[in-house]
Amino acid sequence: TVRVRFAPSPTGYLHLGGARTALFNWLFARKHGGVFILRIEDTDIHRSSQAMVQGILEGLHWLGLDPDEGPFLQSSFVEQHRAAARRLVKEGKAYYDFTPKEQTDDKTVKERIADRARAQEQAGRESNPYRDLPLDEALRRVESGEPAAIRLKVGARGVSRFDDLVYGPQERDYSEIEDLVLIRTDGHPLYNLGVVVDDIEMRITHVIRGQDHLTNTHKQVLLYEALGEPVPQFAHLPLIMAPGREKLSKRKHGEVVSVTTYRNRGFVPDALVNFLALLGWSPGADQEIMSRQELIEKFSLEAVNKSSAVFNFSETDSREWTDPKALWMNGEYLKALPIDELVPLVAGHLKEAGLWRDDYETDKREWLAQTVDLLRARYRTTVDFAQMGRPYFADDFEYEPAAVKKNLKDEKLKDLLRELADRLSAVDDFTHDNSEAALRTYSEERGVKAGLLINGARTALTGQSVGPSMFDIMVTLGRERTVERLRRAVELVGK
RNA sequence: GCCGCUAUGGUGUAAGUGGUUAACACGCCGCCCUCUCAAGGCGGAGAGUACGGGUUCGAGUCCCGUUAGCGGUACCA
């Protein structure tokens, strides 16, 4: 049976790349009736904390990607890692390296690697002197307390091969693979050892992860072979880049990369999942809006793309704070969601903005549902209801200067709005049709275009120049508030 | 430096085993809806498939080279 895992390092929050990796693992597991495991790679102790683990858990939960097993902490398996390394030494497949640990200088990692490579090329790469030290001598030195790292013995000649489910056949000559360190001098197990031992222990069948691990996979294949264990299937996923095809990072790009942001800014989890699924994968047809169930049915690793995808957002235009297509898609979900599912999502934001009233759960429950339904066609996130939608839920709201200038410019509106308010206050059954009839009758009597009154009223009632049909707005606000706001707006005319 | 991966409009993608004027979505622009719009309807612009060779009757699709981007190369993960 299929067993997959998502193995993030706990860097504080779930980022989009991680979320996409988790999603593809989850989809694959669900599709094949398999098991989705969460393992936190927290071996780098300085960079890990419980709070960070919590952040990842919350992100996954919000997305609806709860693990079937776990979370497991890699740090709790270090003894197994050490035991595996010692076993390899005993079997002659790894060795103790007594070379003193190199001093780190102030150069960047990249520079140091390049320097070392160039130096090696000039001097010719010589074999590690400790590689063939007799085992009993090595053990004696270790027992006497001499510090040593453990390295894997990589064959002198040969080629490592594996078949990636996304990138196809991969090969790498042994000469390009150094004897990798398994255990540091201080006894700390390193990443490549840890993943392999844990994946064996958890009986992982398919390793689905970012393409940044592609070339290092050869090292892991070597480890599986040394440990005498079957090699799992590998599937590497194309990376998600920032605009300009640069690396997407929290440091540079801020909170757009954090899943939490999408929750706070009014995304529907399913919409983000749907969008993420399409980053690097396509069902091959024109359909883009897909339910979770459809995603599961259509998903396959073979259809995953090889080229990295650009996550397209603007750092200057706040309307496009994230990928416009993601925003569009969220809008589609807003429109399609059953109103009973949408209202609770909106309620959260209304509460946050201090716009919540207790009777929204009792007497005004139906009114709330209707209002949300009225507004959702033109909103893209659920926070829009509390922000752009404020005039519908509160009496204190801003009049947009541009709207006032556009719709309340005509001095005639001073009288018109006042009298319109009077007329409307006399309408007993304040329905869409009745309020419209009252307004149109009045505009005819006064010989002005209905549009002047309608547009003026829209701005008078909402402070905005755009919104739903004017008479729907009136009905939603009710007669009293409509009349009151029309009168209040008289003083804005001409401003 | 070395090794690897990738390359279709601004972005995400499509185009079974090479075969008519490269398709869809987002975004953009325009028109319509005379009650607005960031909503809806309709339409349009935008790539000849990174570049250069080659194979072929025919190449986005196969081969070679170049370039660019990204990744790896670590006693980081």
Can you tell me if R151(A) touches the phosphate of C75(B), counting only side-chain N or O atoms and a distance under 4.0 Å to OP1 or OP2?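 Yes.
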Between R116(A) and A74(B), is there a contact of a side-chain N or O with OP1 or OP2 at under 4.0 Å?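 Checking A74(B) against R116(A), a side-chain N or O does come within under 4.0 Å of OP1 or OP2.
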When you measure from the centre of the six-membered ring of Y96(A), is the NZ or CZ of R141(A) closer than 6.0 Å and no more than 45° off the axis?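 No.
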Check for me whether R265(A) meets the cation-pi criterion with Y262(A), that is, NZ or CZ under 6.0 Å from the six-membered ring centre and within 45 degrees of the ring axis.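 Judged by the rule, R265(A) and Y262(A) form no cation-pi pair.
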By nearest nucleotide on RNA chain B, pick out whichever of V466(A) and A149(A) is the more 5' one.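 Residue closer to the 5' terminus by nearest nucleotide: V466(A).
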Which sits closer to the 5' end of RNA chain B, A114(A) or W281(A), going by the nucleotide each is nearest to?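 Here A114(A) is the residue nearer the 5' end.
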N/O donor-acceptor pair, side chain [X] with base [N], under 3.5 angstrom:
| X | N | answer |
| --- | --- | --- |
| R458(A) | C35(B) | yes |
| K110(A) | G72(B) | yes |
| T215(A) | C3(B) | no |
| R112(A) | A74(B) | no |
| S469(A) | C35(B) | yes |

May I ask you to say whether D186(A) pairs ionically with K101(A), meaning some side-chain N is under 4.0 Å from a carboxylate O?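 No salt bridge links D186(A) with K101(A).
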Look at the side chain of [X] and decide which nucleotide, out of [options], has an atom nearest to it.
| X | options | result |
| --- | --- | --- |
| M470(A) | C35(B), A39(B), A25(B) | C35(B) |
| L214(A) | G71(B), A74(B), C5(B) | C5(B) |
| K306(A) | G72(B), U13(B), U6(B) | U6(B) |

In terms of ring plane angle, is the pair W281(A) and F299(A) parallel, tilted or perpendicular, where the classes change at 30° and 60°?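 Judged by the thresholds at 30° and 60°, the geometry between W281(A) and F299(A) is tilted.
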What does E288(A) touch in the nucleic acid at a heavy-atom separation under 4.0 angstrom: a base, only the sugar-phosphate, or nothing?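 Touches a base.
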Provide the distance between the two P atoms, one in A23(B) and one in A14(B), to the nearest whole Å.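 Looking at atom P only, A23(B) and A14(B) are 16 Å apart.
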